[in-house]
Visitor: 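Got a structure for you, written out below as structure tokens; questions coming shortly.
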Amino acid sequence: MSTSRLLTKRLGAAAGTAVLLAGAGLLAATPAQAAPRACPGSGPGDPARCAQVIGINPGSSLVMRTAPRYSAGAVARWGNGQWLELDCWTTGDPDADGHGYRYWMLVSTGSSSGYVNDWYLDSGGPATWKPVIPQC
């Protein structure tokens, strides 16, 4: 995933087609998909919002942590394409790839909850998710 694609995502731009890594293949995503959306398996009226893990190097994983900092304990690890429910957002350590992005999401799955840096989610960035995801 190119740096310019991630920067465009973070600025909330809604133009063009993004390419997301998901599992072993590539999926083309429209700009409308780069935003919090209904979680897989949710029913009508369910307010839960989810995003997928993106931008993780092959052979690596996104570490869910007990607090929004990289020194916090690891809770779980997730790969590209994993769906995470977005509970709320906060700020913390900048992203691990050096872009200075400090937004973290408190996320959950059926088996765990913890914090991940939003840089690695297809949430669309603050302009997109702040209206629908509460601050922690």
Side-chain angles (χ1 to χ4, degrees):
M1 175 161 301
S2 72
T3 300
S4 63
R5 156 59 182 104
L6 289 171
L7 291 174
T8 299
K9 172 178 117 46
R10 293 299 165 214
L11 295 174
T17 300
V19 176
L20 304 175
L21 288 173
L26 293 176
L27 299 176
T30 64
Q33 291 173 308
R37 51 207 178 272
C39 298
S42 63
D46 187 339
R49 293 307 204 217
C50 285
Q52 284 184 291
V53 176
I54 61 169
I56 302 300
N57 291 331
S60 190
S61 58
L62 177 62
V63 179
M64 180 186 290
R65 299 192 176 276
T66 58
R69 59 184 178 273
Y70 290 105
S71 62
V75 175
R77 295 177 182 274
W78 306 109
N80 291 318
Q82 173 69 45
W83 287 92
L84 301 174
E85 185 174 336
L86 309 175
D87 298 327
C88 61
W89 66 271
T90 190
T91 56
D93 286 351
D95 66 280
D97 289 329
H99 300 101
Y101 191 78
R102 302 183 73 91
Y103 290 105
W104 288 66
M105 292 285 181
L106 177 61
V107 298
S108 56
T109 65
S111 60
S112 60
S113 68
Y115 292 88
V116 297
N117 190 293
D118 180 57
W119 185 265
Y120 305 101
L121 300 175
D122 71 344
S123 63
T128 302
W129 50 252
K130 278 188 176 180
V132 294
I133 306 297
Q135 187 171 6
C136 298

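One is the number of the first residue; the rest follow in order along the sequence.
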Visitor: Please report the closest heavy-atom contact between Tyr115 and Ala67, naming both atoms and the distance.
Guide: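 Scanning both residues completely, I find the closest heavy atoms to be CD1-CA, 3.6 Å.
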Visitor: Which residue pairs pass the disulfide (SG to SG under 2.5 Å) test when at least one of the two sits in residues 86-136, sequence neighbours left out?
Guide: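 Applying disulfide (SG to SG under 2.5 Å) to every pair that reaches into residues 86-136, excluding sequence neighbours, yields Cys88-Cys136.
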Visitor: Start with the C-alpha distance between Thr90 and Leu106, add both sets of side-chain angles, then the distance that settles side-chain contact (heavy atoms from CB on, under 4.5 Å), and finish with yes or no.
Guide: CA-CA 8 Å; Thr90 190; Leu106 177 61; over 6 Å; no
Visitor: Ignoring hydrogens and geometry, is there a side-chain-to-backbone donor-acceptor pair from Asn80 to Gly55 under 3.5 Å?
Guide: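 It does hold such a pair.
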Visitor: Could you grab the distance from atom OG1 of Thr91 to atom CG of Asn117, nearest 0.5 Å is fine?
Guide: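 The OG1 atom of Thr91 sits 11.0 Å away from the CG atom of Asn117.
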Visitor: Give me the ring orientation class for Tyr103 and Trp89: parallel if the planes are under 30° apart, tilted from 30 to 60°, perpendicular past 60°.
Guide: perpendicular
Visitor: Go through the side-chain N and O atoms of Tyr101 and Asp118 and say whether any donor and acceptor fall under 3.5 Å apart.
Guide: yes
Visitor: Can you check whether Ser111's main-chain N or O pairs, donor with acceptor, with Thr109's side chain at less than 3.5 Å?
Guide: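 Present.
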Visitor: Atom OG in Ser123, atom NZ in Lys130: separation rounded to 0.5 Å?
Guide: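 Going from OG on Ser123 over to NZ on Lys130, the span is 12.0 Å.
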Visitor: Mind listing the closest non-hydrogen atom pair of Gln52 and Gly81 along with its distance?
Guide: NE2-O, 2.9 Å
Visitor: If the test is side chain to side chain contact (heavy atoms under 4.5 Å, CB included), which one of Pro36, Ser108, Cys50 qualifies with Leu86?
Guide: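 Filter result, single survivor: Pro36.
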Visitor: Are the side chain of Trp104 and the backbone of Asp93 linked by a donor-acceptor contact shorter than 3.5 Å?
Guide: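 Pair found, side chain donor or acceptor close to backbone of Asp93.
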Visitor: Taking all heavy atoms of Ala51 and all of Arg37, pick out the closest pair and write down the distance.
Guide: CA-NH1, 4.4 Å
Visitor: Taking only residues two or more places apart in sequence or in another chain, which ones pass ring-ring contact (aromatic ring centres under 6.0 Å, His included) with Trp78?
Guide: none
Visitor: Count I, L, V, M, F, W, Y as connected when their side-chain heavy atoms are under 4.5 Å apart, and connections chain through other members. Are Val63 and Met105 then in the same cluster?
Guide: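 No: no chain of side-chain contacts under 4.5 Å links Val63 to Met105.
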Visitor: Report all side-chain donor-acceptor pairs from residues 68-75 shorter than 3.5 Å, counting only partners two or more places apart or in another chain.
Guide:
{"residue": "Tyr70", "atom": "OH", "partner": "Ala96", "partner atom": "N", "Å": "3.1"}

Visitor: Testing the basics here: between Met64 and Ser113, what is the closest heavy-atom pair and its distance to 0.1 Å?
Guide: SD-C, 3.3 Å
Visitor: To check you understand the geometry: which heavy-atom pair defines the closest contact between Asp46 and Arg49, and what is its length?
Guide: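 So the two residues come closest at O-NH1, 4.2 Å.
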Visitor: Grab the two heavy atoms, one from Gly100 and one from Asp95, that are nearest each other, plus how far apart they are.
Guide: N-OD1, 3.0 Å
Visitor: Start with the C-alpha distance between Ile54 and Leu121, add both sets of side-chain angles, then the distance that settles side-chain contact (heavy atoms from CB on, under 4.5 Å), and finish with yes or no.
Guide: CA-CA 5 Å; Ile54 61 169; Leu121 300 175; 5.7 Å; no
